[in-house]
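Here the structure is laid out as structure tokens; the discussion comes afterwards.
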2 protein chains.
Amino acid sequence: MGDDRAVTDSVHGRPTMKDVAAAAGVALKTVSRVVNEEPGVNPATAERVLSAIERLGYRRNESARVLRRGRTASIGLVIEDVADPFYSGISRAVEDVALRHGSLVLSGSSGEEPRRERELVLTFCSRRVDGLIIVPAGTDHGYLRPELDAGIPAVFADRPGGLDLDTVICDNNGGAHTGVTHLIRHGHRRVAFLGDSASIFTAAERLYGYRRAVEDAGLPVDESLVAMGPPERAGPALTRMFAGDDPPTAVFTGNGRITVAVLRTGHRLAMVGFDDFELADLLVPGVTVVAQDPARLGRAAAELLFRRIMGGPGAAERIELPTRLIPRGSGELRP
Amino acid sequence: MGDDRAVTDSVHGRPTMKDVAAAAGVALKTVSRVVNEEPGVNPATAERVLSAIERLGYRRNESARVLRRGRTASIGLVIEDVADPFYSGISRAVEDVALRHGSLVLSGSSGEEPRRERELVLTFCSRRVDGLIIVPAGTDHGYLRPELDAGIPAVFADRPGGLDLDTVICDNNGGAHTGVTHLIRHGHRRVAFLGDSASIFTAAERLYGYRRAVEDAGLPVDESLVAMGPPERAGPALTRMFAGDDPPTAVFTGNGRITVAVLRTGHRLAMVGFDDFELADLLVPGVTVVAQDPARLGRAAAELLFRRIMGGPGAAERIELPTRLIPRGSGELRP
DNA sequence: GTGAAAGCGCTAACAA
DNA sequence: TTGTTAGCGCTTTCAC
């Protein structure tokens, strides 16, 4: 008995169905039936098999199963950075939906590098994921063609990619419009916009929303009040604006990292930020934000993907999620 | 030509090495050699193969490869919740180390439920991960035995598990001692401790550090100043202490969520919190914390794991990482 | 209710 | 330098 292990271990150190079959004195196929809970096995036989499984520490080899069946019960997720709360929120939601579908999530961070995104996606495809959720780092998704042709559905999340696929994004444009309008309504005529690099889709959309809001209010768009670039340049840019002749009285920040960067400069001025963040309500004054809902974004993308995986038909969908203005004080300061 | 796809697609909708071999007019093994960059293939032949690969959109089937080789080039990671910045920090670090080792990370959130932890781990084992990093949700890890026997190395992170395995944790005890001593040095004689449920290892260790610090200072340990429980109960507990005869003048909070919960109560008192958090420096006063380093924790665990995967010998190691006190104002307030 | 045989796509071992 | 053969562990098909 205590010997079974040594006798039955296969080359890779794990017992196989064959080993279990031998130990239980049945055929391979019977073990397979028990493991997969197929009907039509004599309860007594099943019992013998189960006890052998227990005794040997048998665990089905998923690779072999996948090889035979073609379905992996896993999906691939490419985000920018798990350590960023916005993306980890998406991750968690995707994970939850996948769990409900009995699926595992392979995920990886692209770090906003198109090469890394591609590498991750292709690795996932090599592992024959059933589908992909991608936060696009680049705009060229030609590399996806063969995978899509092979029947792997893919969904773009947070930004559209370079292919006409299912896409779930936030209403960046409208959200920025709302936030900027909020500042204007509170008496500001010179509102600065600090956004991420304009090459990033969400940043460009939000800038567009800013411009629309300023124009809709009948105010002139002053390009010297607009600065686009990586978050670490936001602080200096704002300081430069303040040093000018006709400084802004309010600022709209284009994402969470830029909001924080501006807060760290210590400039005390009216502001509304895109993206909510923990403790925004505890700062003095509380930081007014245009909030996205990363969990909802992740959920929507995952649900859309699973619908496709299960054969859902039809043209590419584009879902746009609303944003929500949360007034907390900083956006209600008068000039 | 445009026809190749239809002709060569296999049952599962993807071309196989066999298809590529046929298209390139070589043997299967030659394709394998090219795909795996094995030496000794005539450049001209290799060229033909590569072009066939390109044309057919061939991608190696990793499941088949794994089945044959026994190594999956992937590791499993079980954390409590990806959406929590502490754990997503760990995730990111693990991912980075895995990337350097050419490995993929399968990860999942246990939500602090032992059953879910077990389920995730066993799913990962079914997929034949090369190793596991586990933030234990429970203390009974008997279910791991067969997997360990089968040669899958595992590392516990953040907390020890119920088995004598490699473990990487923070100096919870020492960190709490440092933080509490800091408050006492600033004149506080009645320091409250608000910690997570005492059944959680880290919470118990930190409580122990608190007790030691109080005793080392020659002060009496007053149990009415200690409250252990889930973060949502921390605020009420503190309020109750304040309503008492001899309220605390300072509080030490046992983790980040409790720190935030206490901040939200609006009580203005001296405090030091375990765990650093974004914007702690921007609150007024800045929040003094005992900081852990999740990235370092993740990195250490992953490096230890890969050492084991590559056959590193020896008894189970236990690595304890230091914490760091960061004074920002709240911990330096006098009674 | 049970089993034997074939084969998923790949790599390892051994020819040629 | 290239090819042939066997078989990884499982599911599928069909026979008993």
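Here is the naming used below: chain letters follow the sequence lines, and residue numbers restart at 1 for every chain. Owing to the predicted nature of the structure, the values given are computational and were not obtained by experimental measurement.
Remark: A:Arg69 is not in phosphate contact with D:dT11, judged by side-chain N or O atoms under 4.0 Å from OP1 or OP2. Checking the phosphate oxygens (OP1, OP2) of D:dC8, no side-chain nitrogen or oxygen of A:Asn61 falls inside 4.0 Å. Contact annotation: B:Thr30 does not reach the phosphate of D:dT1 (side-chain N/O to OP1 or OP2, under 4.0 Å). For the pair A:Ser32 and D:dC10, the criterion of a side-chain N or O lying under 4.0 Å from OP1 or OP2 is not met.
Atom CZ of B:Arg71 is separated from atom P of C:dA12 by 13 Å (rounded to the nearest Å). The distance between atom CG of B:Leu67 and atom P of D:dG7, rounded to the nearest whole Å, is 14 Å. Between the NZ atom of B:Lys29 and the C1' atom of C:dG9 there is a distance of 13 Å, rounded to whole Å. One interatomic measurement links the two molecules: CD of A:Glu62 to C1' of D:dT11, which rounds to 12 Å at whole-angstrom precision. The NZ-P distance, from A:Lys18 to D:dT11, rounds to 16 Å in whole Å. Summarising the geometry, the separation between CD on B:Glu47 and P on D:dT2 is reported as 13 Å, rounded to the nearest angstrom. Following rounding to the nearest Å, A:Asp19 (CG) and D:dG9 (P) show an atom-to-atom distance of 8 Å. Note: CZ (A:Arg68) to C1' (D:dC10) measures 8 Å, nearest angstrom.
Listed nucleotides C:dT2, D:dC10, C:dC10 differ in distance to B:Leu28; the shortest reach to its side chain belongs to C:dC10. Listed nucleotides: C:dC10, C:dA4, D:dG3. Nearest to the side chain of B:Ala27: D:dG3.
Within the nucleic acid shown, B:Ser63 has no heavy atom closer than 4.0 Å to any nucleic acid atom. Within the 4.0 angstrom heavy-atom criterion, base atoms lie near B:Ala64. Note on A:Arg60: only backbone sugar-phosphate atoms sit closer than 4.0 angstrom, heavy atoms only; bases stay farther off.
Salt bridge status for B:Glu62 with B:Arg60: present, with a side-chain N to carboxylate O gap under 4.0 Å. For the pair B:Arg100 and B:Asp96, the salt-bridge criterion is not met [side-chain N within less than 4.0 Å of a carboxylate O]. With respect to A:Glu113 and A:Arg118, no salt bridge is recorded, no charged nitrogen being found less than 4.0 Å from a carboxylate O.
Position along DNA chain D of the nearest nucleotide to B:Arg128 versus B:Val41 favours B:Val41 as the more 5'-ward residue.
Within 6.0 Å of CD on A:Glu54 lie no more than 12 heavy atoms contributed by other residues, nucleotides or ligands.
Put simply, the side chain of B:Arg33 and the base of D:dG3 share a donor and an acceptor less than 3.5 Å apart.
Using cut-offs of 30° and 60° for the angle between ring planes, the A:Phe156 and A:His141 rings count as tilted.
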